[in-house]
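These notes concern the structure reproduced below.
Numbered from 1 within each chain, the chains take letters A, B, ... in sequence-line order.
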2 protein chains.
Amino acid sequence: MKLINNTDIYTVQQNILVAVDCIIFGFDSKKLKLLLFKRKVAPSKGLWSLIGAFIKDDQSVDEGAKQILFETTGLKDIYLEQLKTYGNVHRDIAGRVISIAYYSLISVREFELESVEKYDAHWFDLDELPNLIFDHGEMVADAIKQLKTKAKHQPIGFNLLPKYFTIPELQILYESIYQQELDARNFRKKILSLDILTKTNKKDKSGSKKGAFLYTFNKEKFDALIAEGLNFEI
Amino acid sequence: MKLINNTDIYTVQQNILVAVDCIIFGFDSKKLKLLLFKRKVAPSKGLWSLIGAFIKDDQSVDEGAKQILFETTGLKDIYLEQLKTYGNVHRDIAGRVISIAYYSLISVREFELESVEKYDAHWFDLDELPNLIFDHGEMVADAIKQLKTKAKHQPIGFNLLPKYFTIPELQILYESIYQQELDARNFRKKILSLDILTKTNKKDKSGSKKGAFLYTFNKEKFDALIAEGLNFEI
DNA sequence: ACAAAAGTGTTAGATCTACACCCATGT
DNA sequence: ACATGGGTGTAGATCTAACACTTTTGT
């Protein structure tokens, strides 16, 4: 099939398509997960892949990523960040396509199940991922690495939790991200010393009989600290 | 002008061009600098910009970046890393072009002056940058930020120095990157304690009468340490 | 002889790490 | 009453940050 590529001034011959792919991380209070999709179009139809789409001419790459994420998860205004662009000549077996990968962090609890069915999506544990098409496995590996690095210095972990969460939940999340166990006393001390959590007087008793106090992330306080030049680290 | 965009299977209408732009950092033993070019084509001809090029159909995006870098600096096998992709609809005033930005680190001393003249290039101090076309200013700001972050945990600084360098030179480099003064004794202690530098018995007397010993970066040792799980930080 | 940059140790304070028991509550 | 996870403090080790003088040598 032939397509028309129109530029205003540049006299360039180029046959490259531009797509986005989204690595969607989720956390369900127990494990860190990845949302994968059974591919609905050729080539590689029926295999597991990240969700992606071609960019429209009148939409920015960021907008393209936002849109595909909204369509498949029903979620808006969620954490979404560009990861890396994948541009090998034969990365897509059906044509010359470069893909700008994004990763997103959501709370599994706030995610619409309806979308899962409609798009043939499935949450996979990070240590039980199936084979993925093209270079999507590489994208996922890069995203996991990036998440580990980023979580240390920016409070992005909170995007994976519901608005109210407990300290033990937060600890399990960080243990999942870093893939190592943390000392409960030291973790609590460190996270509370940052003074970016607001304690409520409610308890979540789903995890224990005693129940754990619910906290919420105080973004205003955090931003103020960053503005003062805080060298944040968890 | 109309162009043909051919894909094998995908039935997509898309009129987007794909380019790369390179942010080239250099260090001359005194200051951190940026290599900028007087643009030779419309639009915005004659204004300062990063060097860039359109990707060819049969070349990966990484290869495209490598090629433009080689053509303009004469340098091969130098540090080159993808920064970010810029994809706003109207970022280029002459058409829909997305650009994958790369940044590169070189030693100004090892750089061919010949290329500078041929391509109308100029080294600018980081604090005296001219206005740049399109979103190139944003690219540069992002690259500086990335360089700061990355230099802390990976030994990329050495790419900005010639093979043999002195500790005071290295310190000035890190001071330029972090934009803050460092204590000479503490810096020397820390960098030497990493045990990744090999001392030679030669001195560089260009900086002082006494002269400073020349060192060289020991990549083998560094890689071995990383393999052991070293949590590197400068 | 002197100017100018290179090179060298110590100490106080801050931070990190390891570790064990009591508390609250549902069953 | 007991099982289960929640919540708390301390001490030793390590790391960080601040600080001043001597060495070398070209002019």
Quiz item: To the nearest Å, how far apart are B:E175 CD and C:dA5 P?
Solution: 14 Å

Exercise. Answer with yes or no whether the side chains of B:D204 and B:S206 bring together a donor and an acceptor at under 3.5 Å.
Key: yes

Practice problem: Rounded to the nearest angstrom, tell me the gap between atom CG in A:L192 and atom P in D:dT8. | Solution: 8 Å

Under 3.5 Å, which donor-acceptor pairs link side chains of residues 145-153 of chain A to any protein atom two or more places apart or in another chain?
from, atom 1, to, atom 2, distance (Å)
A:T149, OG1, A:K145, O, 3.0
A:K150, NZ, A:E81, OE2, 2.4
A:H153, ND1, A:F232, O, 3.4

Self-check item: side chain to side chain contact (heavy atoms under 4.5 Å, CB included) partners for B:S107, two or more places apart
Solution: B:R109, B:E110, B:P162

Self-check item: Atom pair distance, as rounded to whole Å: CZ in A:F187 and P in C:dA18
Solution: 16 Å

Protein and nucleotides 10-15 of chain D: nitrogen or oxygen contacts under 3.5 angstrom:
from, atom 1, to, atom 2, distance (Å)
D:dT10, O4, A:K189, NZ, 2.9

Quiz prompt | Those residues that, when tested against A:S208, pass side chain to side chain contact (heavy atoms under 4.5 Å, CB included) (two or more places apart) | solution = A:K210

Quiz prompt | Pairwise side-chain contact, B:L197 with B:I167, heavy-atom cut-off 4.5 Å (strictly under) | solution = yes

Quiz item: Can you tell me if the side-chain N/O atoms of B:R188 get under 4.0 Å from OP1 or OP2 in C:dA6?
Solution: no

Quiz item: To the nearest angstrom, how far is A:I191 atom CD1 from D:dG6 atom P?
Solution: 16 Å

Quiz item: Could you give the CG-to-C1' distance, from A:D183 to C:dC21, as a whole number of Å?
Solution: 14 Å

Practice problem: Let me know the distance between CD of B:Q180 and C1' of D:dA18, rounded to the nearest Å. | Solution: 14 Å

Quiz prompt | Contacts of type side-chain hydrogen bond (donor to acceptor under 3.5 Å, both in side chains), residue A:Y178, not counting sequence neighbours | solution = none

Practice problem: For B:L182 and D:dT16, give me the distance from atom CG to atom P, rounded to whole Å. | Solution: 13 Å

Exercise. List for me each residue that meets side-chain hydrogen bond (donor to acceptor under 3.5 Å, both in side chains) alongside B:K84, sequence neighbours excluded, and say none if there are none.
Key: none

Quiz item: Mind checking what makes side chain to side chain contact (heavy atoms under 4.5 Å, CB included) contact with A:K202, not counting sequence neighbours?
Solution: A:T200, A:L214

Quiz item: With no angle test and no hydrogens, is the base of C:dA6 tied to the side chain of B:R185 by a donor-acceptor pair under 3.5 Å?
Solution: no

Quiz item: For A:K219, which residues count as a side-chain hydrogen bond (donor to acceptor under 3.5 Å, both in side chains) partner, sequence neighbours excluded?
Solution: A:D223

Practice problem: Please list residues of residues 162-174 of chain A whose heavy atoms come under 4.0 Å from any atom in DNA chain D, ordered by number; otherwise none. | Solution: A:P168

Self-check item: Qualifying residues under side chain to side chain contact (heavy atoms under 4.5 Å, CB included), relative to A:D195, sequence neighbours excluded
Solution: A:K221

Quiz item: Can you list the residues that meet the side-chain hydrogen bond (donor to acceptor under 3.5 Å, both in side chains) rule with B:S49, with sequence neighbours excluded?
Solution: none

Pairs: protein N or O with nucleotides 21-26 of chain D N or O, under 3.5 Å:
from, atom 1, to, atom 2, distance (Å)
D:dT23, O2, B:K210, NZ, 3.0
D:dG26, OP1, B:K205, NZ, 3.1

